[in-house]
Protein chains: 2
Amino acid sequence: MAWDTEGTQQKILDAAVAEFAQRGPDGTTVERIARVAGVNKERVYNYFGGKQELFARVLRDELARVARDVPIDGLDAAGLGDYAGRVYDYHREHPELSRLMRWEGLAFDSEVPDEELRREHYGYKIAAVDAGQRSGEVTADFEADQLMFLVLALAGWWSAVPQVARMITGPESADEHARRRASVVRAAAKLAAA
Amino acid sequence: MAWDTEGTQQKILDAAVAEFAQRGPDGTTVERIARVAGVNKERVYNYFGGKQELFARVLRDELARVARDVPIDGLDAAGLGDYAGRVYDYHREHPELSRLMRWEGLAFDSEVPDEELRREHYGYKIAAVDAGQRSGEVTADFEADQLMFLVLALAGWWSAVPQVARMITGPESADEHARRRASVVRAAAKLAAA
DNA sequence: GTAATTCCCAACGCTAGCGTTGGAAAGGAA
DNA sequence: TTCCTTTCCAACGCTAGCGTTGGGAATTAC
C-alpha cells in the first residue's frame, strides 16, 4: 500500500481536536489520539512533537477557522447584535473552539501560543467597534475594547458554564436555544445602542 | 500528641480547593493534595472517599460560601448593576469558585452534584429579578432567567478566558481591573434599564 | 489495666501514560 | 538490481498516580 502522509497527519489532527476539546490537555492521552486516528503513537511524536505542541497546533487551526467564518461587519448597534448572534451560533455549532479556549484559559493562562497574532486579530474587531462609535451609531458609554469583550461574554458564557445555564434557564432544547440566541442578540444590541 | 481529626480534614479540604482550582480534576493528584496538606494519602480516601467525591465536596463548600457572601438585593436596574459588580469582585477575590465551576462545566457538564439544591439557589435570584420587573424598575425586554444569566455572563467571562481578556483589553493591572469593573456595572445596569 | 476503637502512615500491587528505539516495509535514485 | 530515504509500528523502559493493606500509636470504654 502507498504512503499517505498527508492523510495520516490529518487523521491525527482530527482526532486531536476531538480529544483535546472533550478532555482537555491533561485528560487527553497521546495513546488515545493515536488509537482514534488509527495510527501508531510514534507518528504523533514524529509529526507534531508531543502533546503540548499538538495542542498548540490544534488551537491555532481552530482559531484560523473562526476568524474566517465569523467576520464582524456591522458598524451599528444592530450589527453588533447580529454579530453576537453569529458568535453564539458558532459556539453552538463548533463547541470545540470554545472548549479549547477555556481549557487553555484554565490550564495555561499566561503565555499562550501565537499571542501576538491573536491580539492583532482582536484588534480588527475593536477597530470595527471604534468606527461605529465615531460614526455615532454605537454608544460611547464604553470604550471600544470593553464593549467588544462584553459582547463576546454575552455570547460565550452559555457554553462556558452549561451546567449553570441549564439550572437557570432550563434544559437545553431547540426552543431554549432559540430563546437564548434571541436574548443574546437583543442584549448586545441594547448594550451597543447609542 | 493528641489527635486532630477536624484539623486534618480541614487541611485536606484547603489543599484540595487550591489544587482542584489550579489544576482541575484531571490534573490534580491525590498524592499532591496529601503532600500539600502534610498528611498521608490514605487519610483522603478514609475521610472523603476519593478524588471524585472530594471534588464534589469542595465545590459544594465553595458554592455555600458565595451564596452567603454575595446576596442579591437590588430590585432595580442600578441594583442589578451593583450586583454584577459584586459578582465581578468575588470572581477576582476568590478565583477558586469560578475556576472550579468552569472545570466542572468542561469535565462533567451533565449530571453535576447537588443540582437540585443549586437550581433552587438560582431560583431566588431569578425571583428577585422578576420582582423588579413586576415593579417596573427592571426592563421587560428579557425574561427574568435570561437577564439573570446575561448579567452573570458580563461579570464572569473575564476570568473564564483571561488570556482573551488580556489580548483584547490589555494586561491586567489595578487600573485595568477598575475599568473592567466599571464596564460590568454600567453594562448590567444598561441591560436591565427599563 | 486492658480491650476496643480510632487515627495515622509506610509500603505495596497495579495500571496507564510518556517518550523512545530498533527494525520492517514501501518507495525512490543510481 | 542495489542502495538510500521515508513511513510506519510493536515493544520497551520508566514514571506517576490510583486505591489498598497491614500494622503501629494514641485515645476511649469498660
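Bear in mind that the values here come from a model prediction, so they are computed numbers and not experimental data. Here is how names work: the chains are called A, B, and so on, in the same order as the sequence lines, proteins then strands, and each is numbered from 1.
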Practice item. Return the value, rounded to whole Å, for the distance between atom CZ of A:R43 and atom P of D:dA11. Key: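 Spelled out: CZ on A:R43 to P on D:dA11 is 17 Å.
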Exercise for review: For A:N46 and C:dG22, give me the distance from atom CG to atom P, rounded to whole Å.
Suggested key: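 So the two atoms are 15 Å apart, to the nearest Å.
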Check your understanding: What string of B, S and - do you get for nucleotides 13-20 of chain C, 5' to 3', when a contact is any protein heavy atom under 4.0 Å?
Key -> ----BBBB
Review point. So does A:E31 pair up with A:R35, basic N to acidic O under 4.0 Å?
Key: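 No, no charged N to carboxylate O under 4.0 Å.
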Point to revise | B:R179: side chain to side chain donor-acceptor pair (under 3.5 Å) partners, not counting sequence neighbours | key: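 Testing B:R179 for side chain to side chain donor-acceptor pair (under 3.5 Å), a comparison that skips the adjacent residues, returns A:E143, A:D145, B:E176.
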Check your understanding: Are B:T169 and B:R180 linked by a side-chain donor-acceptor pair shorter than 3.5 Å?
Key ->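 Yes, side-chain donor-acceptor contact under 3.5 Å.
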Point to revise | D:dC8 OP1/OP2 closer than 4.0 Å to side-chain N/O of A:T8 | key: yes
Study note, to complete from the structure: Distance col, row B:R102:CZ vs B:L97:CG, nearest 0.5 angstrom, shows 9.5 Å
Point to revise | Within 6.0 angstrom of A:Q10 CD, more than 12 heavy atoms from elsewhere | key: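 Atom CD in A:Q10 is crowded, with more than 12 foreign heavy atoms closer than 6.0 Å.
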